[in-house]
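Not measured: the values here are computed from a predicted model.
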Amino acid sequence: MWHQRQIRLRPQPRGFHLVTREVEEAVPELRELQIGLAHVHILHTSASLTLNENASPDVRRDFESWFDHAVPEGAPFWAHTDEGPDDMPAHIKASLLGPSLTLPVRAGRFALGTWQGIYLCEHRDHGGARSLLVTLHGEA
Amino acid sequence: MWHQRQIRLRPQPRGFHLVTREVEEAVPELRELQIGLAHVHILHTSASLTLNENASPDVRRDFESWFDHAVPEGAPFWAHTDEGPDDMPAHIKASLLGPSLTLPVRAGRFALGTWQGIYLCEHRDHGGARSLLVTLHGEA
Amino acid sequence: MWHQRQIRLRPQPRGFHLVTREVEEAVPELRELQIGLAHVHILHTSASLTLNENASPDVRRDFESWFDHAVPEGAPFWAHTDEGPDDMPAHIKASLLGPSLTLPVRAGRFALGTWQGIYLCEHRDHGGARSLLVTLHGEA
């Protein structure tokens, strides 16, 4: 059983945002799968997805701090600067975290660890609404 | 053909550990698949999985050195410090390396390159035994 | 429907290279799939794959600049140096970006965002021709 559905997330400010429930509710076909995999793919090159701690907002703020520190705007080695100082660091951050998550599915839900949640990682100052292409596959 | 099985790895000290055989032996259903994919997912946010060089232990030690250098404990920008100095860096490292591997399967085995092995990346000082959820899918 | 095919990319100099078309043309079975997933796996530990901006060559040059800056050759903490100064940084870079991409498939093509292209990330000075194992799965 295959399902594929494009969804649009609410626009978010630059930073790391917990979107587990927003994604889960956007793909109601998930509930039909007993065992399977969900592939969640972001259709952009300056935002990304990761799994991390779903409790403390401080963790998400520290993600922003570390990524801004490690991939600084205004570094002397950037050549691609014509789309703004936040653009090239956004591309690097997007590839460090990756464009997609493959999640195990069990009993109609994402089978994540207790503390795991899906982060939308918005690396641009004004990224707008981001689109995901979700592919579900499994047995009912 | 779908199989899903939760396994528990032996506890490891902080660092990078080769666990290819331990994972392969924990999912005997792998041997039934002629072509397929194995999704290996860690159910934690402060440990991760990667593929890298399966020969020299120096490579795994250098992984630890680089990650400790790039994501330092005690950096002035950490806000989430109440679970110990190793906690917040562990979350960042976990997302840099990622929570899951999807591995090609051929003739009943992981179809990896000659030098590729699965690393358990233990980012906490005392992480304990880590759980994986392995999802196998393919044709017999 | 499952297809698995090993392909060999043209050798590339150290750096980041757009190979979307080269991969797509090497797996003609892709055209048979209406909905599915393509798993593209590199069989090496010193080269990697990522998705990023498919237009400006400056973006790919800036990837090389940032990765060389973040994972420097000759750092005092490297122990594994006997395969040359580019070897150990190549292993770290390969794990930061990852050994595989899972791509959504729709209507016989990779269903990527407008600006997304597949990068071969060649982290060695003389990496030679790199091999990929591509696994396609979906419904016709």
Side-chain angles (χ1 to χ4, degrees), chain A residues 1-2 16 18 20 33-40 48-72 92-107 109-119 121 137-140, chain B residues 1-8 29 36-50 66-67 69-73 75-83 85 87-103 123-124 127 130-138:
Chain A
M1 198 187 313
W2 287 90
F16 292 75
L18 204 49
T20 317
L33 299 184
Q34 284 310 302
I35 296 185
L37 292 169
H39 181 255
V40 185
S48 58
L49 299 170
T50 194
L51 281 190
N52 220 290
E53 216 253 36
N54 58 15
S56 164
D58 276 353
V59 172
R60 300 194 292 281
R61 276 193 288 267
D62 283 353
F63 264 77
E64 180 70 2
S65 300
W66 184 82
F67 276 90
D68 285 352
H69 166 80
V71 193
I92 301 285
K93 294 168 184 176
S95 276
L96 288 173
L97 291 163
S100 67
L101 292 170
T102 303
L103 306 175
V105 174
R106 191 191 302 208
R109 305 205 51 191
F110 299 141
L112 302 179
T114 310
W115 302 104
Q116 288 183 317
I118 304 173
Y119 288 13
C121 317
H137 180 224
E139 57 186 24
Chain B
M1 197 185 314
W2 287 89
H3 296 288
Q4 199 169 61
R5 182 187 280 270
Q6 187 165 332
I7 67 178
R8 206 172 161 81
E29 301 88 352
L37 292 169
H39 181 256
V40 186
H41 183 82
I42 197 162
L43 293 161
H44 306 271
T45 60
S46 58
S48 58
L49 299 170
T50 194
W66 184 83
F67 276 90
H69 166 80
V71 193
E73 298 188 6
F77 47 71
W78 300 130
H80 181 77
T81 55
D82 45 320
E83 293 174 52
D87 181 61
M88 193 57 227
H91 290 303
I92 301 285
K93 295 168 182 176
S95 276
L96 287 173
L97 291 163
S100 67
L101 292 170
T102 303
L103 306 174
H123 305 304
R124 295 302 308 264
R130 300 297 195 166
S131 295
L132 306 181
L133 185 56
V134 182
T135 305
L136 302 175
H137 180 223

Would A:L18 and A:R60 count as a side-chain contact (heavy atoms from CB on, under 4.5 Å) if you check the C-alpha gap in whole Å, the side-chain angles of each, and the deciding distance to 0.1 Å? CA-CA 9 Å; A:L18 204 49; A:R60 300 194 292 281; 3.8 Å; yes
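- Only the backbone of B:H44 comes within less than 4.5 Å of a heavy atom in chain A; its side chain stays farther off.
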Residues B:H41, A:Q116; criterion side-chain hydrogen bond (donor to acceptor under 3.5 Å, both in side chains); working and verdict: CA-CA 11 Å; B:H41 183 82; A:Q116 288 183 317; 3.2 Å; yes
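- Note: A:P104 leads A:P57, A:P104, A:S65 in heavy-atom pairs under 4.5 Å with chain B.
- A distance of 6.5 Å separates SG of A:C121 from CG of A:L49, quoted to the nearest 0.5 Å.
- With chain B as the partner, the residue from A:D58, A:I35, A:D62 showing the most heavy-atom pairs under 4.5 Å is A:D62.
- Listed by chain and residue number, nothing satisfies the side chain to side chain donor-acceptor pair (under 3.5 Å) test with A:Q34 (two or more places apart in sequence, or in another chain).
- Crowding of B:W2 atom CH2: a count of heavy atoms from other residues, nucleotides or ligands under 6.0 Å exceeding 12.
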Would A:L103 and A:L51 satisfy side-chain contact (heavy atoms from CB on, under 4.5 Å), going step by step from the backbone distance to the final call? CA-CA 10 Å; A:L103 306 175; A:L51 281 190; 4.0 Å; yes
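- A:F67 touches chain B through its side chain: at least one heavy atom from C-beta onward sits under 4.5 Å away, while N, CA, C and O do not.
- For chain A, the nearby parts of B:S95 are the backbone and the side chain; heavy atoms of each come within less than 4.5 Å.
- Looking at B:L96, the atoms closer than 4.5 Å to chain A (heavy atoms on both sides) sit in the backbone and in the side chain alike.
- With a 4.5 Å cut-off on non-hydrogen atoms, A:T102 touches chain B through its backbone and its side chain both.
- When heavy atoms are compared at a cutoff of 4.5 Å, A:A111 approaches chain B by way of both its backbone and its side chain.
- For the atom pair A:E53 CD and A:F16 CZ, the distance stands at 14.0 Å (nearest 0.5 Å).
- For a residue to count as touching a neighbouring chain, one of its non-hydrogen atoms must lie under 4.5 Å from one of that chain's; by this rule A:H137 touches chain B with backbone and side chain alike.
- Heavy-atom distances place no part of B:V134 under 4.5 Å from chain A, backbone and side chain included.
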